[in-house]
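Structure, as structure tokens:
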Amino acid sequence: MKLGYSILLGEYIDASHIQHTDCELFQVVCPACNEPVFKVERVPNNTQNSVEYLSHYTVSNSYQPDCELRIKGFSESQFKKHNSISRNQRLEYFLSVLRQMIGQNPIYANSYKKTHGQLNGSKSLKWFRERLYEHTINQNIIEQAFYDISDEYINDITSAGGNIRTAFSVSVQKRIAFDMWKYLLSKKGQSNYDFLFNHGYINLLGRLMQANTTRKWLPEEELMANYLSKLVNISKEKGIHILAQMGSTPVGPPFAIAGSDLLSKAASEITHEMIGALIALPFFEQIKNAQKLKALA
């Protein structure tokens with residue numbers, strides 16, 4: 001069969017979009033009979049292209065046509081409608097626990113609420129945050145551009161020895177993160193955008209400080225760290241002056257692409273950290289926990 005149904009995700013999924021281990025991880029079953037299935041890849045005789053499909057564990061020569069006939073009773077529009085409803089329900093749930101998920105990050109030694117309260121109280125940082133929010137909306141990061149930034153973040157993780165579980169989990173992770181990103185750029189989602197900006201700002205400063213302990217700072221890194229760290233405890237007017245100085249400070253390779261300035265580089269790095277934070281959130285653990293709580297209710 002070409003399509004399976006993920007009990008965990010509440011979605012119909014294509015066999016070509018999952019790895020072998022994903023069937024168990026995402027609880028993939030046959031959409032017709034709800035029996036567990038596994039992924040098969042085979043290369044037909046006299047061809048070079050592999051065929052990917054899902055199979056029942058029970059050996060049967062008739063499983064494929066039988067299930068395919070029953071699956072064809074559903075139209076493609078029905079699958080898309082079901083998946084869209086499921087995604088919207090997940091988005092609503094993840095948004096409700098977004099701050100708790102981010103607050104689990106080790107950078108918050110104490111309460112994340114206290115840290116973000118301090119940043120929200122900074123009028124100069126608020127001005128910067130609002131300008132970046134407006135710029136991001138006007139820039140209109142499309143899905144592919146978002147995925148490209150996500151891939152940069154994922155490459156950073158893997159090059160540092162980290163691990164991204166499977167191709168399917170990454171694709172779903174990116175899709176969920178993009179759904180959340182679009183919502184955060186709406187008026188209803190702006191408060192959570194502000195929260196994510198604060199997190200990106202903290203992460204960027206932390207990354208700059210860490211760089212100074214493992215190697216010598218680039219001059220541009222030191223300048224950016226000094227400017228950004230001052231924003232929290234100064235007035236709005238002084239903050240605007242610092243940001244103007246950053247905007248009039250040209251930077252280039254290897255620190256930034258040619259033609260950049262220090263402000264645009266800082267804004268880009270904060271956005272990178274924000275999107276990276278969404279990509280790294282434990283979405284699937286949250287789904288599993290929600291399922292457990294629902295079962296106990």
Please report the C-alpha distance between Met180 and Leu91 in whole Å, then the side-chain angles of each, then the deciding distance to 0.1 Å, and finally whether the side chain to side chain contact (heavy atoms under 4.5 Å, CB included) criterion is met.
CA-CA 7 Å; Met180 296 186 72; Leu91 175 60; 3.5 Å; yes
Under 4.0 Å between a side-chain nitrogen and a carboxylate oxygen: does that hold for Glu134 and Arg131?
yes
If every non-hydrogen atom of Gln173 is compared with every non-hydrogen atom of Leu281, which pair is closest and at what distance?
NE2-O, 2.6 Å
Walk me through it: do Glu92 and Asn88 pass the test side chain to side chain donor-acceptor pair (under 3.5 Å)?
CA-CA 6 Å; Glu92 183 177 348; Asn88 287 336; over 6 Å; no
For Tyr153, give me all partners under ring pair (Phe, Tyr, Trp, His ring centres under 6.0 Å), at least two apart in sequence or on another chain.
none
Nearest heavy-atom contact between Met1 and Pro31 is SD-CD, 3.9 Å
Evaluate the salt bridge (Lys or Arg N to Asp or Glu O under 4.0 Å) criterion for residues Asp22 and Lys39: first the C-alpha distance (whole Å), next the side-chain angles of each, then the deciding distance (0.1 Å), finally the verdict.
CA-CA 9 Å; Asp22 290 330; Lys39 180 169 179 174; over 6 Å; no
Side chain to side chain donor-acceptor pair (under 3.5 Å) for Asn120 and Asp194? Distances and angles first, verdict last.
CA-CA 8 Å; Asn120 287 333; Asp194 293 347; over 6 Å; no
pair Met246-Leu243: side-chain heavy atoms closer than 4.5 Å
yes
Can you classify the ring geometry of Trp181 versus Phe146 as parallel (below 30°), tilted (30 to 60°) or perpendicular (above 60°)?
tilted
Looking only at heavy atoms, the pair that brings Tyr133 and Leu184 closest together is CE1-O, 3.8 Å
Closest approach of Ser122 and Leu125, non-hydrogen atoms and distance?
OG-N, 3.2 Å
Check the side chains of Glu285 and Asn289 for a donor-acceptor pair under 3.5 angstrom, ignoring hydrogens and angles.
no
Determine whether more than 12 heavy atoms belonging to other residues, nucleotides or ligands lie under 6.0 Å from atom NE2 of His20.
yes
Counting only heavy atoms not in Lys182, do more than 12 fall under 6.0 Å of its NZ?
yes
Got a salt bridge between Glu273 and Arg207, using NZ or NE/NH1/NH2 to carboxylate O under 4.0 Å?
yes
If Ile, Leu, Val, Met, Phe, Trp and Tyr residues are connected whenever their side-chain heavy atoms lie under 4.5 Å apart, and connections chain through other members, are Ile107 and Phe195 in the same group?
yes
List the atom of Leu54, the atom of Leu3, and the distance in Å for their closest heavy-atom pair.
CD1-C, 3.8 Å
Measure the acute angle between the ring planes of His116 and Tyr108, then classify it against the limits of 30° and 60° as parallel, tilted or perpendicular.
tilted
Determine, stepwise, if the pair Tyr93 / Gln89 fulfils side chain to side chain donor-acceptor pair (under 3.5 Å).
CA-CA 6 Å; Tyr93 169 68; Gln89 290 172 340; over 6 Å; no
What's the shortest heavy-atom distance between Leu204 and Met224, and which atoms?
CD2-SD, 4.3 Å
Which residue is it: Tyr5, Tyr12, Phe284, Phe283? I am looking for the one with a ring pair (Phe, Tyr, Trp, His ring centres under 6.0 Å) to Phe26.
Phe284
Using the rule side chain to side chain contact (heavy atoms under 4.5 Å, CB included), only one of Leu263, Leu223, Asp261 pairs with Thr249; which is it?
Leu223
